[in-house]
Amino acid sequence: MARRFSAPYQTEPVSSLASWARNLAVFAVVAVLVSILVVRFGFLEPKPALVTFFGGLAIAGLSILFGLAGFAAIWQNGSRGMTRILLAFLIDGAILAYPAYLALQYRKLPAIHDITTDPIDPPRFDALARLRAGDGANTAVYAGLYSAEQQRHFYPDIEPIELEIPVDRAYAIALQLVNKRKWLVIDERAPQPPRRMGRIEAVARTPIMGLREDISIRVVPDGEDSRVDIRSASRYFDSDLGSNAARVKKFIEDLNTAADADALKPVKKTPVVPPKAPAKTVKK
């Protein structure tokens with residue numbers, strides 16, 4: 001009986017709009033994945049690769065339009081293709097969901113890309129400066145007063161990190177956190193009080209596209225305690241969509257937690273070895 005009712009439907013032609021919707025969705029996901037791989041593995045500079053990425057998003061949007069038109073056509077003439085339209089919508093939704101979230105972040109967050117705990121005297125990019133000298137890359141010089149004002153307004157809790165531990169321990173903990181995050185360390189210089197400060201320069205990457213964001217950490221003594229400043233700046237583009245601020249906040253939180261735990265550790269006392277008794281002289 002089921003075969004009898006479904007037979008007329010099986011003879012209906014497949015909507016060409018439904019086929020176009022599915023094919024465009026597949027092409028869009030291929031374009032997006034290729035652009036992500038190109039950026040992550042450094043085959044091209046990010047900006048040309050992102051043209052392909054946004055082109056893939058545009059094709060996904062076009063696929064949705066074809067799907068809606070195909071749905072209307074199927075509703076009117078009873079042709080087949082609803083499965084293809086639903087598959088296209090599923091693919092398009094998976095492609096467009098995260099970019100749509102980032103678009104909302106772009107409208108909500110300031111268009112800055114350089115975040116630091118010390119806008120007056122930010123940690124410098126020394127070893128990283130040559131990596132930021134490429135075509136289209138942001139300069140190694142701090143973004144300036146506008147960026148500092150925007151940061152103070154949107155991220156007021158980003159401040160210098162004051163630690164009640166010696167500078168050498170603060171540096172060791174900071175380096176441990178950098179390695180734990182698998183940031184690529186470009187340069188590291190341990191502090192040598194009272195003159196030389198500790199420095200760590202590293203490169204982090206965004207989760208999906210793998211865009212490079214440069215980090216500089218400065219550790220200086222503050223009496224018997226220490227102070228740590230961190231700077232995180234995107235290598236490309238004028239807006240970081242909040243990624244650098246999120247990285248700095250998390251690093252501050254983890255560094256404070258690790259430093260507090262280190263300060264509570266009992267000081268290991270060197271056991272006192274009793275002096276050996278002088279050897280007795282046996283008189284013959």
Side-chain angles (χ1 to χ4, degrees), residues 39 45-47 49-51 53-54 57 96-163 174 177-178 181 183-184 186 197 199-220 222 227-257:
V39 173
E45 290 296 326
K47 290 186 177 181
L50 284 180
V51 173
F53 178 79
F54 287 114
L57 298 185
L96 295 173
Y98 188 64
Y101 166 75
L102 294 180
L104 292 175
Q105 292 292 95
Y106 183 81
R107 292 177 59 88
K108 184 172 64 174
L109 296 175
I112 57 178
H113 64 272
D114 202 340
I115 300 294
T116 178
T117 54
D118 186 0
I120 304 301
D121 182 22
R124 298 192 308 273
F125 291 136
D126 291 334
L128 286 167
R130 58 184 175 83
L131 299 178
R132 299 175 68 90
D135 185 27
N138 293 323
T139 176
V141 179
Y142 178 61
L145 181 61
Y146 173 78
S147 181
E149 289 293 336
Q150 292 294 306
Q151 176 186 314
R152 183 170 28 239
H153 177 71
F154 284 91
Y155 313 114
D157 51 343
I158 294 181
E159 296 178 342
I161 314 163
E162 304 287 347
L163 303 176
L177 290 176
V178 168
R181 285 162 165 75
W183 295 345
L184 176 63
I186 303 300
M197 66 185 70
R199 284 188 176 276
I200 304 170
E201 292 186 66
V203 179
R205 305 191 74 175
T206 57
I208 297 179
M209 297 294 294
L211 297 172
R212 291 166 177 80
E213 297 183 328
D214 299 320
I215 300 156
S216 179
I217 300 171
R218 180 178 63 207
V219 186
V220 296
D222 185 12
R227 167 174 165 161
V228 180
D229 286 291
I230 178 173
R231 176 184 175 191
S232 181
S234 301
R235 194 176 297 179
Y236 296 94
F237 307 109
D238 295 331
S239 176
D240 61 7
L241 303 176
S243 64
N244 288 296
R247 180 179 298 108
V248 170
K249 287 181 181 180
K250 183 60 176 172
F251 187 85
I252 292 173
E253 178 184 338
D254 290 350
L255 183 58
N256 279 319
T257 300

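- R132 contributes a side-chain N or O that, together with a main-chain N or O of S234, makes up a donor-acceptor pair within less than 3.5 Å.
- Residues A140 and R231 share a closest heavy-atom pair of O-NH2, 3.0 Å.
- Here R227 pairs with D118 in a salt bridge; the nearest charged N to carboxylate O distance falls below 4.0 Å.
- Here the CD1 atom belonging to I217 is positioned 8.0 Å from the CG atom belonging to L255, to the nearest 0.5 angstrom.
- Residues V39 and F53 are not in side-chain contact: their nearest non-hydrogen atoms beyond the backbone lie 4.5 Å or more apart.
- Salt bridge annotation for D254-K249: absent, with no cationic side-chain nitrogen under 4.0 angstrom from a carboxylate oxygen.
- Between R235 and L131, the closest heavy-atom pair is CD-O, 3.7 Å.
- Using a 4.5 Å cut-off on side-chain heavy atoms (C-beta onward), E201 and R124 make no contact.
- Side-chain contact between D126 and R199: present, with at least one pair of heavy atoms (C-beta onward) separated by less than 4.5 Å.
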Item to complete: Tell me, with the steps shown, if M197 and V219 meet side chain to side chain contact (heavy atoms under 4.5 Å, CB included).
Response: CA-CA 6 Å; M197 66 185 70; V219 186; over 6 Å; no
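- The side-chain heavy atoms of V203 and I186, taken from C-beta on, include a pair separated by under 4.5 Å.
- For the residue pair T117/D229, the side-chain donor-acceptor check at 3.5 Å is satisfied.
- Between H113 and F237, the closest side-chain pair of non-hydrogen atoms is not below 4.5 Å.
- Between the side chain of S147 and the main chain of A143, no donor-acceptor pair closer than 3.5 Å is present.
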Discussion item. Please determine whether side chain to side chain contact (heavy atoms under 4.5 Å, CB included) holds for the pair I215 and F251, giving the CA-CA distance in whole Å, both sets of side-chain angles, and the decisive distance to 0.1 Å.
Written reply: CA-CA 11 Å; I215 300 156; F251 187 85; over 6 Å; no
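- In terms of heavy-atom proximity, H153 sits nearest to P156 at O-CD, 4.0 Å.
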Worksheet item: When you look at R181 and K250, which way does the side chain to side chain contact (heavy atoms under 4.5 Å, CB included) test go after all the steps?
Response: CA-CA 11 Å; R181 285 162 165 75; K250 183 60 176 172; 3.5 Å; yes
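- In this structure the side chain of R218 never reaches within 4.5 angstrom of the side chain of T116, judged on heavy atoms.
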Discussion item. Between L211 and Y236, is the side chain to side chain contact (heavy atoms under 4.5 Å, CB included) condition met? List the steps.
Written reply: CA-CA 8 Å; L211 297 172; Y236 296 94; 5.7 Å; no
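- Contact check on R247 versus E213 returns a salt bridge, with a Lys/Arg side-chain nitrogen under 4.0 Å from an Asp/Glu carboxylate oxygen.
- Going from atom CE of M209 over to atom OH of Y98 covers 10.5 Å, rounded to the nearest 0.5 Å.
- A distance of 7.5 Å separates OG of S216 from CG of L128, quoted to the nearest 0.5 Å.
- The pair D214-R212 fails the salt-bridge criterion, with no side-chain N (NZ, NE, NH1 or NH2) lying under 4.0 Å from an Asp/Glu carboxylate O.
- Atoms CH2 and CG, on W183 and L177 in that order, are 8.0 Å from each other to the nearest 0.5 Å.
- Atom CD1 in I161 sits 6.5 Å away from atom CD1 in I230 (nearest 0.5 Å).
- Shortest non-hydrogen contact noted between A233 and D114 is CB-OD1, 3.4 Å.
- Counting heavy atoms from C-beta on, the side chains of D240 and T206 never come closer than 4.5 Å.
- In this structure, P110 and Y155 have side chains that are in contact, with non-hydrogen atoms separated by less than 4.5 Å.
- Checking N244 against S232 by side-chain atom types alone, a donor-acceptor pair falls below 3.5 Å.
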